[in-house]
Q: 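Let me begin by handing over the structure; questions about it come next.
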Amino acid sequence: MKYISIALLFLGITVTAQNAHVHHDSIKNLEEVTVKNAAKKKIETEMKMAVSVDEFLSSSDNISFIKRGAYAWEPLLNNMSTERSTVTIDGMHIFGACTDKMDPITSYVESNNLAAIDIKSGQEGSLHGATVAGSIDLKRRSTPFSTEKKWGGSYQSGFEFNNKQFFNLGNVSYSSNKFVADGSISYRKADNYYDGNDDEVKHSQYKKFNTSLGLAYKTSDLSSVRLDAIFDMAKDVGFPALPMDLSLSRALITSASYKQLFKEGLVRVIDSKVYFNAIEHYMDDTTRPENLVHMDMPGWSTTYGLVSKANIKKNSYSSEIQLNAYDNLSIAEMRMYPQDRSKRSMFAYSWPWVTTRYGGLSMNNYWDISEKSQLSLGGSLGVNYNYSKYVEFNWIFHPGAPQEKTRFLPSLHAGYQLDIDQFNFSVGTGYGHRAPSVSEGYGYYIYNSFDRYDYIGDPNLKNEISYEGNASAGFKNERLSIQGKVNYFYIQNYIIGRVLSMGSPMNYQSVGVKGYTSLDYATLFNMSMNAAYDILEHLHWKGTLTYARGMDDKEGNLPFIRPLSYQTSLHFMHKNFGIQTSVNGDFAQINYSPEYGEDQTSAYTIWNISANYTFKINKVKTVVQVGAENLLNEYYSTYADWGNIPRMGRNIFTSLKFNF
């Protein structure tokens, strides 16, 4: 049971699935809890053990990605852009510093410093703040205290042939009765990749360095303090879908936390954390001599925050209460030059020093009505405050727009879960508000290379209001499991860009100016079906089918909505040997949106295969893996590839991992 296991929570053991239970955490009465192998979810897939965070997230059936290159993909939860979801690291709010969204929060961590990723759909994700699509919480590795002094770690290295990517991932940990230390380091370097026609996709290279450190000290038998830090740096990152690249990105993410357990009483644990993070991001077109006018787009984001949560348990009732508060300053500049960079011809703030302050209280409650059924009810109330230092940039298009604005963001959600023998069912509903993002509210001439328009924010935009319904049904026996899920969102004041009759484009590549505006409403439907079957003792099959449909108030198609897609895989494992193969693809994107820059994309099918062998070298567990992605070298581009950039062709990969 999630809240009974207080001692395990104190030890830093978090049991979280890559794709959390369909609707609610399962709560059952247990007399005794036994945890083996620290119950940690590996950040890897059956096909590939050396995945990036993006590759791991893409294995979830409710997350897709917008890709502008081979690095820093933008995650779409429930087919909604990142403005509508909440992405956190251990509950900490972090905001990117790029107006083009080329630095999602997922780009500032690595797979070897994460223990799990917690995905919540819709208003169930409101525990971490106001949201519409849901939440993605990246949970860091945390070694538990131990009665004896222990050292542990792993090292992984490998090479991918298509883009000549070389990577090294290392972890080390030390634990004792009073003190714990976790450290990680990683480095990836990749050249341009080649598509299915064996043509080089220029400006798709990248270099990434990441390191983290965590220190924990037990202050008493029932309390501990912990310090954490992550440093991430990327250089020479190309974006083939954009007219510019990334010269440098740096992030420092720090926190200090205190955890207190209680043996008796209503409150079982209190965990409080203060944090600070700073991000700098420098986009420029130094490597694009063909551009007639050069542009630099540096950005900075600084956040101070507090997150404090309490777990409550009494009889069949349990609850989680969380307080979130943060202060963020977002700055982005736009500097234009002729071919001679010493003669700057234009300067503007695309984010005019925008301060966002948020404070919110969230609560999730669970009741075990019986051994077979559970009721959940939760909600949150947040206050969002914005202040634009250089409001004159907003006055150009919105005269008299307020320099500061305060919004109230309520949220409610409820759900019911029923288990009958081998069947399970759930239904749920949700209601919530979200405030416009910094770009939507205060952006100034943010160039969108997808539809080739400059975008202008509007400080007077109304809150988006989401009404949500969801349901699921499943069956499971010893060999077969089937799970179906659906959700439906009706979103009032849906924020999207529309062509403005005033203003002229600032970027010479733009065809016009769009302003963020609110539609009366938009609707979004998501469906997924997952199945698994044990064909033989050592041979297992899995399959996934997903479909989505998004429409605006004129029954036009919303952009970046995933077409019918599928994945099927076979996995054979016997003793120390394993082999797995998968086929995945999308049907043709026929419900595309020309108004928002989309065109029709063709159907495609990709075949992948890999094999791994496990053995020991002087008691050190060693795993070697070799495989191939896009084995048939298919040339394809998907609905979510910015500017129809082609995906990677055949890619043979190798990996070697040591665990000690």
Side-chain angles (χ1 to χ4, degrees), residues 2 4-18 30 32-44 49-50 56 89-90 109-118 138-157 168-187 210-231 253-261 263 269 271 273 576 612 614-625 655-660:
K2 181 176 179 182
I4 283 183
S5 304
I6 300 296
L8 297 177
L9 181 64
F10 172 65
L11 292 177
I13 299 173
T14 305
V15 182
T16 327
Q18 163 240 327
L30 302 180
E32 182 179 355
V33 177
T34 302
V35 176
K36 297 181 179 180
N37 297 326
K40 290 184 178 178
K41 174 71 178 180
K42 294 181 179 179
I43 307 296
E44 61 185 48
M49 65 182 186
F56 179 74
I89 299 177
D90 284 336
V109 291
E110 256 293 353
S111 55
N112 68 323
N113 55 31
L114 294 180
I117 300 178
D118 188 17
L138 309 168
K139 295 183 177 296
R140 284 205 52 211
R141 286 178 178 266
S142 178
T143 300
F145 292 101
S146 63
T147 55
E148 300 177 356
K149 295 180 180 180
K150 293 182 180 179
W151 285 92
S154 66
Y155 170 73
Q156 187 170 1
S157 182
N168 285 280
L169 309 172
N171 287 83
V172 65
S173 65
Y174 170 80
S175 62
S176 66
N177 183 47
K178 285 283 189 179
F179 179 72
V180 162
D182 292 287
S184 72
I185 189 168
S186 68
Y187 180 73
N210 182 283
T211 186
S212 69
L213 179 65
L215 304 173
Y217 180 74
K218 189 187 293 186
T219 53
S220 73
D221 289 341
L222 296 175
S223 63
S224 66
V225 294
R226 185 175 176 92
L227 300 175
D228 284 289
I230 297 174
F231 175 75
I253 302 167
T254 63
S255 66
S257 61
Y258 174 76
K259 185 179 291 186
Q260 175 69 58
L261 301 180
K263 289 183 177 180
V269 60
D271 189 357
K273 178 186 301 179
N576 295 332
N612 56 272
T614 303
F615 57 99
K616 287 189 176 182
I617 301 177
N618 294 330
K619 298 184 180 181
V620 175
K621 181 182 177 182
T622 305
V623 184
V624 61
Q625 184 179 59
S655 184
L656 178 65
K657 185 173 184 178
F658 303 96
N659 291 285
F660 54 89

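Throughout, numbering of the chain's residues begins at 1 and tracks the sequence.
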Q: As an exercise, state the distance from CD1 of Ile89 to CG of Leu114, rounded to the nearest 0.5 Å.
A: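 Here the interatomic distance stands at 7.5 Å.
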Q: Nearest 0.5 Å, please: how far is CZ in Phe179 from OH in Tyr217?
A: 10.0 Å
Q: Can you tell me if Lys657 uses its side chain to pair, donor with acceptor, with the backbone of Met49 under 3.5 Å?
A: no
Q: With heavy-atom distances below 4.5 Å as the criterion, would you say the side chains of Ser186 and Leu169 are in contact?
A: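 Yes, at least one pair of side-chain atoms sits under 4.5 Å.
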Q: Quick one, Asp228 with Arg140, criterion side chain to side chain contact (heavy atoms under 4.5 Å, CB included). Give me CA distance, side-chain angles, the key distance, then yes/no.
A: CA-CA 9 Å; Asp228 284 289; Arg140 284 205 52 211; 2.6 Å; yes
Q: Looking at Lys150, I'd like to know if its NZ atom is crowded, meaning that more than 12 non-hydrogen atoms belonging to other residues, nucleotides or ligands lie closer than 6.0 Å.
A: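 For Lys150, atom NZ is not crowded (no more than 12 foreign heavy atoms under 6.0 Å).
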Q: Got a salt bridge between Arg226 and Asp182, using NZ or NE/NH1/NH2 to carboxylate O under 4.0 Å?
A: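 Judged by the 4.0 Å cut-off on N to carboxylate O distance, Arg226 and Asp182 do form a salt bridge.
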Q: Hey, does the side chain of Gln260 reach the backbone of Leu222 with a donor-acceptor pair shorter than 3.5 angstrom?
A: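 The answer is yes, because a donor-acceptor pair under 3.5 Å joins these two groups.
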Q: Would you please name every residue forming a side chain to side chain donor-acceptor pair (under 3.5 Å) with Asn112, sequence neighbours left out?
A: Asn171
Q: Do the non-hydrogen side-chain atoms of Lys149 and Tyr174 ever get within less than 4.5 Å of each other?
A: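 A side-chain contact under 4.5 Å exists here.
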Q: If you round to the nearest 0.5 Å, how far is OG of Ser146 from CG of Asn177?
A: 7.5 Å
Q: For a side chain to side chain contact (heavy atoms under 4.5 Å, CB included) check, start with the C-alpha distance between Asp271 and Ser257, then their side-chain angles and the critical distance, and finish with the verdict.
A: CA-CA 7 Å; Asp271 189 357; Ser257 61; 4.2 Å; yes
Q: Once you round to the nearest 0.5 Å, how far does CD1 of Ile185 lie from OG of Ser212?
A: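 It is 9.5 Å, given to the nearest 0.5 Å.
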Q: Show your reasoning for whether side chain to side chain contact (heavy atoms under 4.5 Å, CB included) applies to Lys616 and Thr622.
A: CA-CA 5 Å; Lys616 287 189 176 182; Thr622 305; over 6 Å; no
Q: Tell me the closest heavy-atom pair linking Val180 and Pro144, and the distance in Å.
A: CG2-O, 3.7 Å
Q: Which value, rounded to the nearest 0.5 Å, describes the distance between Ser154 atom OG and Lys621 atom NZ?
A: 11.0 Å
Q: Can you name the nearest heavy-atom pair linking Ser184 to Thr211, along with the distance?
A: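 What the structure gives for the nearest pair is O-OG1, 2.8 Å.
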Q: Check ring-ring contact (aromatic ring centres under 6.0 Å, His included) between Phe615 and all other residues, then give those that pass, not counting sequence neighbours.
A: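 ring-ring contact (aromatic ring centres under 6.0 Å, His included) list for Phe615, sorted by chain: Tyr613.
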Q: Can you name the ring-ring contact (aromatic ring centres under 6.0 Å, His included) partners of Tyr155, sequence neighbours left out?
A: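 Counting only residues at least two positions away or on another chain, Tyr155 forms no ring-ring contact (aromatic ring centres under 6.0 Å, His included).
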Q: What's the spacing between Asn210 CG and Tyr187 OH if we round to 0.5 Å?
A: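 Taking CG in Asn210 and OH in Tyr187, the distance rounds to 13.0 Å.
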Q: Measure across Asp118 and Lys139 and return the closest heavy-atom pair with its distance rounded to 0.1 Å.
A: CB-CE, 3.8 Å
